[in-house]
Amino acid sequence: MAKKYLITSALPYINNIPHLGNFIPLLRSDIHVRIKKLQGKDVLYICATDESGTRTEIEAEKKHMTEEQYCKIMHKKFKEILDWFSIDLDYFGRTSSKSNHELTKEIFMDLNKQGYICEKEVTLLYCPDCKRYLPDSYVEGTCPHCKTPGAKGDQCDACSKFINPEELIEPKCKLCGQKPTVKKDKHLFLDLPKFSNKLKKYIEENKNFHGIERNLPLAWIKEGLEPRCISRNLKWGVKIPIKGYEDKVFYVWFDAPIGYIAATKDYCDKNNLNYKDYWQNKDTQIIHFMGKDNVPFHTIIWPSELMSNKKWNLPSRIYSNEFLNYLSGKFSKSNNRGVFCDDVLKLKYNSDTWRFYLSSVLPEGKDSDFEWQEFMDKINNELIANYANFAYRIISIAKRFGEITPLTEEKLNKSEKDILKKIKENIANYLNENTRGNLKEALRNALNVSSLGNQYFQENKPWELIKDDNKKEEANHVLWFSFSILLNVSLLLHPFIPTKTKEIINLIAPGFSINNALKDKKPSIINKNITITEAKPLFAKIEEEEIKELKKKF
RNA sequence: AGCGAGGUGGAGCAGUUUGGAGUGCUCGUCGGGCUCAUAACCCGAAGGUCGUAAGUUCGAGUCUUACCCUCGCUACCA
């Protein structure tokens, strides 16, 4: 059976409209999937909204809705955003789905049967007024160390010391301001120490785990894992299917990654496929994209859950990204700081523009910053000047020239053969960088090809050739080869800016199949007549004035 | 505080796995060319004691140690 790939992007939390930083794993995974499709690989691309948790109950209550109603509305908003950005998911599921509830219970029961679940008594804060158990971050009070008021239940912002919420002076419920009481309750724990050896072996033996994805879990294991609490005193979520836990649900992070399997199952059920071909067939590779904050969950807790039963495939590769910050600080909805995905939909720039800019500043090796000036520079000086201008100058001349007839590879002269050779090298590097998770470099390789195109165009001066009736044939040759270069750049850029490149490919090579185009890792040449009747710029340049406005607005 | 990641011309990044002359890329700057194209394109040049200090080595951006700075995690935010 041919190798399959199941690719996921970290499940966005239903309560937070993603900002551009949260959007990075979605963009990277989408590009990665599209590049794999160019290679003709069998890929399934899955994501879902993560809908459990205390915040969902609180947000729904604030809006006077049931959790179900609230999540449905929010899920639709997320879907609109993903569609707008051309995030080409095969399926966008929900962790509140029936399939996720069933699979979560199934995996839990397997873990429990094998003795991987233990029970412990824990001390919790309870707000009698809200009738709700309070997570640490929902409790506020005076820091016992530095006496600063307004310290949260987990850490004091002023002295940055950790706080045991019971030690807070004058603790208050963040929701109603009343004083919470201390309660003891029994909870379930995933007995992580029992997985230490298996996890260590799994990570050490998997050569695809690099950097943080390897060192962080190995460091945690070396220090000694602790059991992780997986139950919560909430109503909304996956019910715990054992006696004595009827009033509790699973911790979001227990059922969230199972959402990857559930979404796969929902997709497969609708398309006459079997989800086990993805999750239990050893020929399938599971690949997860996420932000760096998510790495402990995906390298320790999630594989442990899957080790409940030998049948599940473990993640074979993890691509984590650093953070994209806003003007050297954090994005923050509550402080109204930064650009959020729903803002982007209201601005005048199309999704390709945003995708290109974000692709060119992907935080792959270290944190990077969103900067408006840089947004303008990258779009004007790289996307437009390099690629869009190349396309526009050929199209403009071709329109004046008339019908272009294709030639065959034997007609190529030495410099043209050299260009094809260089394109081939760029394709090889592009694919290699994609596999290594360096999409910013892959983009660079794509743009190298349009630089080759601009050079070729400059040297061969088709604008002179078309004026000379004796040089019609030569003009045809140069234009045809220029278009062939343009086809190759457009293919390589397609995963990054899918909309505009598709238009160009349809214009210059109608019927050309984008999927599989790089299967042989070879450049493509155009083999049909090309007639251009209209020429217009691909993107509008961004003006200084616009940037000034945006800087004021955000 | 502990653990993890990062610090490389004016800006942004590769390069560190396996040590071999500061090597490379994009943007910006400066000089020249071109006039098909959205002041776009092409050619050339300048610009760096690789966070700091010490060490190993014939040789360190790369290995070791200490320190400084940025970010993440530290187990009930998700």
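In the text below, chain A, chain B and the rest are named by the order of the sequence lines, each starting its count at 1. Please read all numbers here as calculations on a predicted model, not as lab measurements.
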>> If we check salt bridge (charged side-chain N to carboxylate O under 4.0 Å, His left out) with A:E322, which of these qualifies: A:K440, A:K292, A:K366?
In response: A:K292
>> Whether A:K541 contacts B:A40 is assessed here as follows: a side-chain N or O lying under 4.0 Å from the phosphate OP1 or OP2. Is that the case?
In response: yes
> How would you label the contact of A:E226 with the nucleic acid (heavy atoms, under 4.0 Å): base, sugar-phosphate, or nothing?
Replying inline: base
>> Heavy-atom nearest nucleotide on RNA chain B for A:S231 versus A:N325: which residue maps closer to 5'?
In response: A:N325
> Atom CZ of A:F457 to atom P of B:C36: distance rounded to whole Å?
Replying inline: 10 Å
>> Mind checking if A:V122 touches a base, just sugar-phosphate, or nothing, with heavy atoms under 4.0 Å?
In response: base
> Between A:D255 and A:H101, does any side-chain donor sit less than 3.5 Å from a side-chain acceptor?
Replying inline: no
> What integer number of Å spans the P atoms of B:G4 and B:C63?
Replying inline: 15 Å
> Going by the angle between their ring planes, with limits at 30° and 60°, are A:H19 and A:F340 parallel, tilted or perpendicular?
Replying inline: perpendicular
>> Treating primed atoms plus P, OP1 and OP2 as sugar-phosphate and everything else as base, which nucleotides of nucleotides 12-18 of chain B get B, S or - for protein heavy atoms under 4.0 Å?
In response: -SSS---
>> Pairing donors with acceptors under 3.5 angstrom, does anything connect the side chains of A:Y319 and A:N208?
In response: no
> OP1, OP2 of B:C41 versus side-chain N and O of A:Q455: anything below 4.0 Å?
Replying inline: no
>> So A:F539, base contact, sugar-phosphate only, or nothing? Heavy-atom distance under 4.0 Å.
In response: base
> Pick one: which of A:F539, A:F375, A:F23 meets ring pair (Phe, Tyr, Trp, His ring centres under 6.0 Å) with A:W354?
Replying inline: A:F375
> What do the steps show when you test A:E61 against A:Y70 for side chain to side chain donor-acceptor pair (under 3.5 Å), and what is the final call?
Replying inline: CA-CA 9 Å; A:E61 197 177 294; A:Y70 166 72; over 6 Å; no
>> One pair to check against side chain to side chain donor-acceptor pair (under 3.5 Å): A:N429 and A:R444. What are the steps and the verdict?
In response: CA-CA 10 Å; A:N429 289 337; A:R444 185 48 51 206; over 6 Å; no
>> What I want to check is whether the side chains of A:S320 and A:N294 have a donor and an acceptor closer together than 3.5 Å.
In response: no
> Using purine N1 to pyrimidine N3 plus N6-O4 or O6-N4 for Watson-Crick, or N1-O2 and O6-N3 for G-U wobble, both under 3.5 Å, which nucleotide pairs with B:C76?
Replying inline: none
> Under 4.0 angstrom, heavy atoms only, what part of the nucleic acid is A:G224 near: base, sugar-phosphate, or nothing?
Replying inline: base
> If we call it a pair only when both distances are under 3.5 Å in a Watson-Crick or G-U wobble match, what pairs with B:A14?
Replying inline: B:U23
>> Let's test this: given Watson-Crick or G-U wobble pairing with both distances under 3.5 Å, identify the partner of B:G47.
In response: none
> Roughly how many Å is it from CG in A:L134 to C1' in B:C77, rounded to a whole number?
Replying inline: 13 Å
>> Quick check on B:U38: is either OP1 or OP2 less than 4.0 Å from any side-chain nitrogen or oxygen of A:N380?
In response: no
>> Looking at B:U57, which nucleotide sits across from it as a Watson-Crick or G-U wobble partner, both distances under 3.5 angstrom, or is there none?
In response: none
>> Side-chain N or O of A:K461 versus OP1/OP2 of B:C42: is the shortest distance under 4.0 Å?
In response: no
> With a non-hydrogen cut-off below 4.0 angstrom, is A:K467 in contact with a base, only sugar-phosphate, or nothing?
Replying inline: sugar-phosphate
> Which part of the nucleic acid, if any, lies within reach of A:Y138 when heavy atoms closer than 4.0 Å are counted: base, sugar-phosphate only, or nothing?
Replying inline: nothing
>> Quick check on B:G28: is either OP1 or OP2 less than 4.0 Å from any side-chain nitrogen or oxygen of A:N381?
In response: yes
>> Counting the atoms with a prime plus P, OP1 and OP2 as sugar-phosphate, which does A:R400 contact under 4.0 Å by heavy atoms, base, sugar-phosphate, or nothing?
In response: sugar-phosphate
> Which part of the nucleic acid, if any, lies within reach of A:E459 when heavy atoms closer than 4.0 Å are counted: base, sugar-phosphate only, or nothing?
Replying inline: nothing
